[in-house]
Amino acid sequence: QVQLVESGGGLVQAGGSLRLSCAASRGTFIGNAMGWFRQAPGKEREFVATIGGSSGSTRYADSVKGRFTISRDNAKNTVSLQMNSLKPEDTAVYYCAGRRGVGVTTTRSTYDYWGQGTQVTVSS
């Protein structure tokens, strides 16, 4: 069973930065697409960012474009999300997700594996 483990969440003031990391338990995701989603209290889980496999192409939600950057290190089997200029509305549980496929997609149902999530809280 593949496991994804997130780390790096925490409490930060508005305008600050955090870096989330996601480690896969096996080398399954080398070359596969990975993504980040988030879920705020009382809201649906929503797409944040994704990065392709071999192409390394990326896509972002409009709400985070220009502030967040997704990257991957295939040698370490990790995916990261650098979050800058954080806003209170970024407060949510952030989930790492992995696909069996290689193409980027923003649709939650196309992701096959999920981490347990890490809390990000941005104070005003």
* Applying side-chain hydrogen bond (donor to acceptor under 3.5 Å, both in side chains), name anything that partners Asn84, two or more places apart in sequence or on another chain. => Ser17, Gln82
* Under the side-chain hydrogen bond (donor to acceptor under 3.5 Å, both in side chains) test, residues paired with Glu89 that sit two or more places apart -> none
Between the side chain of [X] and the main-chain N/O of [Y], is any donor-acceptor distance below 3.5 Å?
{"X": "Arg99", "Y": "Thr110", "value": "yes"}
{"X": "Asn74", "Y": "Asn77", "value": "no"}
{"X": "Tyr60", "Y": "Thr50", "value": "no"}
{"X": "Thr107", "Y": "Ser109", "value": "no"}

What distance do [X] atom [atom1] and [Y] atom [atom2] have between them, rounded to the nearest 0.5 Å?
{"X": "Gln3", "Y": "Gln116", "atom1": "CD", "atom2": "CD", "value": "8.5 Å"}
{"X": "Leu81", "Y": "Trp36", "atom1": "CG", "atom2": "CH2", "value": "6.0 Å"}
{"X": "Leu20", "Y": "Ser80", "atom1": "CG", "atom2": "OG", "value": "8.5 Å"}
{"X": "Glu46", "Y": "Thr106", "atom1": "CD", "atom2": "OG1", "value": "11.5 Å"}
{"X": "Thr78", "Y": "Met34", "atom1": "OG1", "atom2": "CE", "value": "9.0 Å"}
{"X": "Arg38", "Y": "Phe68", "atom1": "CZ", "atom2": "CZ", "value": "5.5 Å"}

* May I ask you to check whether over 12 heavy atoms, not counting those of Lys65, lie within 6.0 Å of atom NZ? => yes
* Structure fact -> Here the disulfide bond (SG atoms under 2.5 Å apart) pairs for residues 64-124, sequence neighbours left out, are Cys22-Cys96
* Asked: Side-chain contact, heavy-atom cut-off 4.5 Å: Thr121 with Gln119?
  -> yes
Residue pair [X] / [Y]: nearest heavy atoms and the distance that separates them:
{"X": "Leu4", "Y": "Gly98", "answer": "CD1-N, 3.7 Å"}
{"X": "Ser71", "Y": "Arg19", "answer": "OG-NH2, 3.7 Å"}
{"X": "Gly117", "Y": "Glu6", "answer": "N-OE1, 2.9 Å"}

* Asked: Is there a path of hydrophobic side-chain contacts, each under 4.5 Å between heavy atoms of I, L, V, M, F, W or Y residues, that connects Ile51 with Met83?
  -> yes
* ILVMFWY network linking Val104 to Ile70, side-chain heavy atoms under 4.5 angstrom -> no
* Structure fact -> For Val122, the side chain to side chain contact (heavy atoms under 4.5 Å, CB included) test, sequence neighbours excluded, returns Val12, Ala14, Leu86, Pro88, Asp90, Thr91, Val120
* Give me the other members of the hydrophobic cluster that Phe47 sits in, counting Ile, Leu, Val, Met, Phe, Trp and Tyr linked by side-chain heavy atoms under 4.5 Å, directly or via other members. => Phe37, Val93, Tyr95, Tyr111, Trp114
* **salt bridge (Lys or Arg N to Asp or Glu O under 4.0 Å) contacts touching residues 109-124 (sequence neighbours left out)** => Arg100-Asp112
